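In what follows, every chain begins at residue 1, and chains take the letters A, B, ... in the order their sequences are listed. Predicted model, so just to flag it, every value in this text is computed and none were measured.
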Amino acid sequence: MIDFKQYIKEIISNALTELDVQSNVVVEKSSNPNFGDYSTNIALSLAKQLKNNPLEIAKNIGSLLKYDSDIISEHSISKPGFLNFHISDNYYQKTVNKIISASESYGMTTVGKNKTANVEFVSANPTGPLTVGHGRQAVLGDTIANILEWHNYKVTREYYYNDAGRQMRILGESVAARYFNLIGKEYKFPDDGYKGEYIISIANEIKNKHGEKLETNSTVFRKEAEKAIFNDIKKTLNSIGVNHDVFSNEQTYYDNGSIDTLVEELTNKNLIYKSDGAVWFKATDLGLEKDRVYYKSSGEATYRLPDTAYHRHKLDRSFDLVVDIFGADHADAYPDVLAALNALDVNTYPIKVLIHQFVTVLKSGEKVKMSTRKANFVTLDELINEVGTDVVRYFFIMRSMNSHLNFDLDLAADQSEKNPVYYIQYAHARISNIINNGKANNLSIDGKFDTSLLINKSEISLIKSLNDFPEVIVNVLDNLEPQIIANYLHNIASEFHRFYAKCRVITDDIELTKSRLHLIKSAKIVLENGLKILGIQAPERM
RNA sequence: GCCCCGGUAGCUCAGCUGGAUAGAGCAACGGACUUCUAAUCCGUAGGCCACAGGUUCGAAUCCUGUCCGGGGUACCA
């Protein structure tokens, strides 16, 4: 099977050579089937250079084109000066064979062969249950990891959390307050403490486990809270198919001295100074807008410092690709991290930072302000219980991460039955059912079949879309925008459903039946492969 | 003030590196089940692609400015 774009580029280049013209040829898929399958604007872009009417130029190039008529059935010229190419149906039909023989590896590449990648995502501090907002990042990160794996990367899914800072201290104090409250002693609940019910249950567990003798300065509160909350987080993630390979925490980098080393080396580079009782990183010297605090006047570090040490270590682990997925609230920090590392001659080239915008949850038409501290958030668990994991995953992946996402809970529950994800899954289930019916009639899909019988418009159209899959997957690797896959699969499902309405698969015409069984089998493969990347089930029945 | 993301159909959003009549789902209206699952299909209606300039043969897409929403902005993460 050849690359049509490449092929067309070549035949045009050959024609241009005959005209003694040099130019970069761009070939793209035609948006409208009336203009063939592929088109090029070459005549338009040459108009100025050749001082000639684009239509004339297109005619000249067209008359010099030499191509294999088995591949390209015809070419045409249209309005402003486009050259259009029609791929022969016959050649397209071979795609069915190609897909079936590649099967579950159809669309895979070896781009990442012998390469390693690290994807850091979720990274919520264990101060409370995961929220709907974390859900977006969890699904996004996991899907991107899947995409990398599809291209043969060896992927590490990593979760990094801050366990040494203020947040965790307040968490400990919140639990302690609830604990002493339970045993009837005085302890002031912190002003900005965590108010969720789960804090009380943790305090209760501590009371059951440790009795009533704990001192106010005990580290048990913080540790038990972290443990309990992390258990829940992992459980939640697992329920939507997200499993991390590595959990890293900032404490490690205090303990092993790498934070001190980092500050020392930056000091040697004259990038550290003291002011107002705080320790500053001189980011302005490295071309950034503002200097940043590393150690607050309280002596506590801000999260930038351990983050930098952590990233240095991550790069030391020599991944070929390091993907960081952050929410928009973290967008400000990574330039400082990169700048500091670059200043120390660390190569930060493997790092790709993906920033996703927030999720606004709407409940009965009202915006729900999310704060773990104030405990007015909607948990990811609640959402999963409401609509199920497939819908959750699809919902979060179908939109571009650059778009602020409005998530209407009532609508999600209402629409769950007519959710687009079911539309795709239904296509798969329908196919499975037909194939099973075929088997029941002794019609297997192992034998020979005649692709040239697939001539209905809906058949050709479906095949063309199936043929795009590898290109889509490569495209997604380049720009790491998973919503493209979701949209593509929706389109495949749509093509299939239309075909289903137009053409009956199992009929008295044995040869046609065999051909169509193969066609739907190839559609099934593409749906399965695509859904697998998205981490969504491909059900046999619905 | 400055920085980042967005502003596309009533609602939620697609629209790949600028391309030829701007798309989907939901909501509305009208059709199609004695036939492989109607969780489907077909059709109708709905848009000054925030606004104003600019670049280009050609702009939702690129540039500039304005307005609106979200996030950040020297010691929260």
Side-chain angles (χ1 to χ4, degrees), chain A residues 26 28-32 34-35 39 41 43-45 47-48 53-54 78-82 84 123-125 127 162 165-167 170 192 275-281 283 289-298 300-304 307 327-333 335 355-358 360 362 372-373 395 398-408 411 414-415 417-420 422-423 425-427 429-438 441 471-472 475-476 478-479 481 483-484 486-487 490-491 493-494 496-507 513 516 520 541-542:
Chain A
V26 177
E28 50 193 17
K29 284 184 72 74
S30 303
S31 52
N32 184 324
N34 292 335
F35 300 127
S39 64
N41 60 356
L44 290 158
S45 58
K48 210 172 218 177
N53 180 322
S78 58
K79 275 190 283 183
F82 289 103
N84 307 315
S123 296
N125 293 343
T127 57
N162 300 95
R166 205 177 86 95
Q167 281 196 5
I170 293 171
D192 41 6
S275 175
D276 298 334
V279 175
W280 294 73
F281 168 52
E289 291 220 10
K290 288 168 181 171
D291 289 348
R292 304 289 182 168
V293 171
Y294 267 180
Y295 287 109
K296 298 180 238 176
S297 46
S298 67
E300 257 174 333
T302 63
Y303 71 116
R304 271 186 181 78
D307 266 19
D329 53 342
H330 278 61
D332 218 34
I355 307 283
H356 68 86
Q357 298 302 307
F358 278 7
T360 302
L362 300 169
T372 308
R373 228 163 259 175
F395 242 105
M398 69 192 286
R399 308 303 190 197
S400 157
M401 69 183 98
N402 291 327
S403 287
H404 188 109
L405 190 58
N406 277 321
F407 204 117
D408 190 323
L411 214 62
D414 266 9
Q415 291 184 356
E417 281 186 28
K418 31 201 162 173
N419 193 284
Y422 294 130
Y423 183 83
Q425 292 181 316
Y426 185 54
R430 270 184 154 176
I431 294 172
S432 304
N433 200 49
I434 299 170
I435 289 175
N436 287 335
N437 283 342
N441 289 309
E471 194 181 321
V472 168
N475 191 11
V476 170
D478 289 343
N479 51 31
E481 299 214 19
Q483 85 278 5
I484 293 172
N487 293 332
H490 193 272
N491 180 49
S494 173
F496 169 76
H497 286 310
R498 199 172 303 139
F499 156 80
Y500 180 91
K502 284 250 164 72
C503 305
R504 204 186 148 80
V505 175
I506 297 174
T507 63
T513 298
R516 285 184 171 163
I520 64 170
R541 317 197 126 261
M542 285 176 77

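No aromatic stack links A:Phe82 and the base of B:G19, using centre distance under 5.5 Å and interplanar angle under 30°.
Each of B:A24, B:C36, B:U40 was ranked by its minimum atom distance to the side chain of A:His497; first place goes to B:U40. Here the side chain of A:Phe35 is nearest to one of B:C36, B:G19, B:A20, namely B:A20. Listed nucleotides B:G19, B:A14, B:C41 differ in distance to A:Asn487; the shortest reach to its side chain belongs to B:A14. When the nucleotides B:C2, B:G15, B:G19 are ranked by their closest atom to the side chain of A:Glu289, B:C2 comes out on top.
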Quiz item: Going 5' to 3' along nucleotides 6-11 of chain B, which nucleotides have protein heavy atoms under 4.0 Å from the base (write B), which only from the sugar-phosphate (write S), and which from neither (write -)?
Solution: S-----
Practice problem: Start with the C-alpha distance between A:Arg304 and A:Asp332, add both sets of side-chain angles, then the distance that settles side chain to side chain contact (heavy atoms under 4.5 Å, CB included), and finish with yes or no. | Solution: CA-CA 10 Å; A:Arg304 271 186 181 78; A:Asp332 218 34; 4.2 Å; yes
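For A:Asp332 and B:A77, a side-chain-to-base donor-acceptor distance below 3.5 Å is absent, hydrogens and geometry of angles not being considered. Residue-to-nucleotide contacts include a donor-acceptor pair under 3.5 Å from the side chain of A:Arg399 to the base of B:U12. Within 3.5 Å, no donor on the side chain of A:Asp329 pairs with an acceptor on the base of B:G71, nor the reverse. Contact of A:Thr302 with B:A77 (side chain to base): no donor-acceptor pair of N or O atoms is detected under 3.5 Å.
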Show me the protein contacts with nucleotides 62-64 of chain B, counting only N or O atoms at under 3.5 Å.
none

Report each atom pair, protein N/O against N/O of nucleotides 54-56 of chain B, whose distance is under 3.5 angstrom.
none

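Atoms CZ and CZ, on A:Phe82 and A:Phe35 in that order, are 8.5 Å from each other to the nearest 0.5 Å.
Rounded to whole Å, the separation between the P atoms of B:U64 and B:U12 comes to 28 Å. Straight-line distance between the C1' atoms of B:A20 and B:C5: roughly 31 Å, to the nearest whole Å. Look at the C1' atom in both B:U44 and B:C3: the space between them is 47 Å, to the nearest Å. If you take atom P in B:C41 and the same atom in B:C26, they sit 9 Å apart, rounded to whole Å. Spacing of C1' atoms, B:G7 relative to B:C48, comes out at 15 Å, to the nearest Å. A gap of 42 Å separates the P atoms of B:U66 and B:A28, to the nearest Å. The gap from the P atom of B:A52 to that of B:C16 amounts to 23 Å, rounded to the nearest Å. Of the P atoms belonging to B:U17 and B:G53, the separation is 26 Å, rounded to the nearest Å.
Residues satisfying the ring-ring contact (aromatic ring centres under 6.0 Å, His included) test with A:Tyr303, not counting sequence neighbours, are A:His330. Taking A:Tyr295 as the reference, A:Ile259, A:Asp260, A:Val263, A:Val279, A:Ala301, A:Leu305 meet the side chain to side chain contact (heavy atoms under 4.5 Å, CB included) condition, with sequence neighbours excluded.
The residues A:Arg166 and A:Asp192 are annotated as salt-bridged, a charged nitrogen and a carboxylate oxygen being separated by less than 4.0 angstrom.
The strand RNA chain B forms stems, runs of 3 or more Watson-Crick or G-U wobble pairs with distances below 3.5 Å, at B:1-7 with B:67-73, B:10-13 with B:23-26, B:28-32 with B:40-44, B:50-54 with B:62-66.
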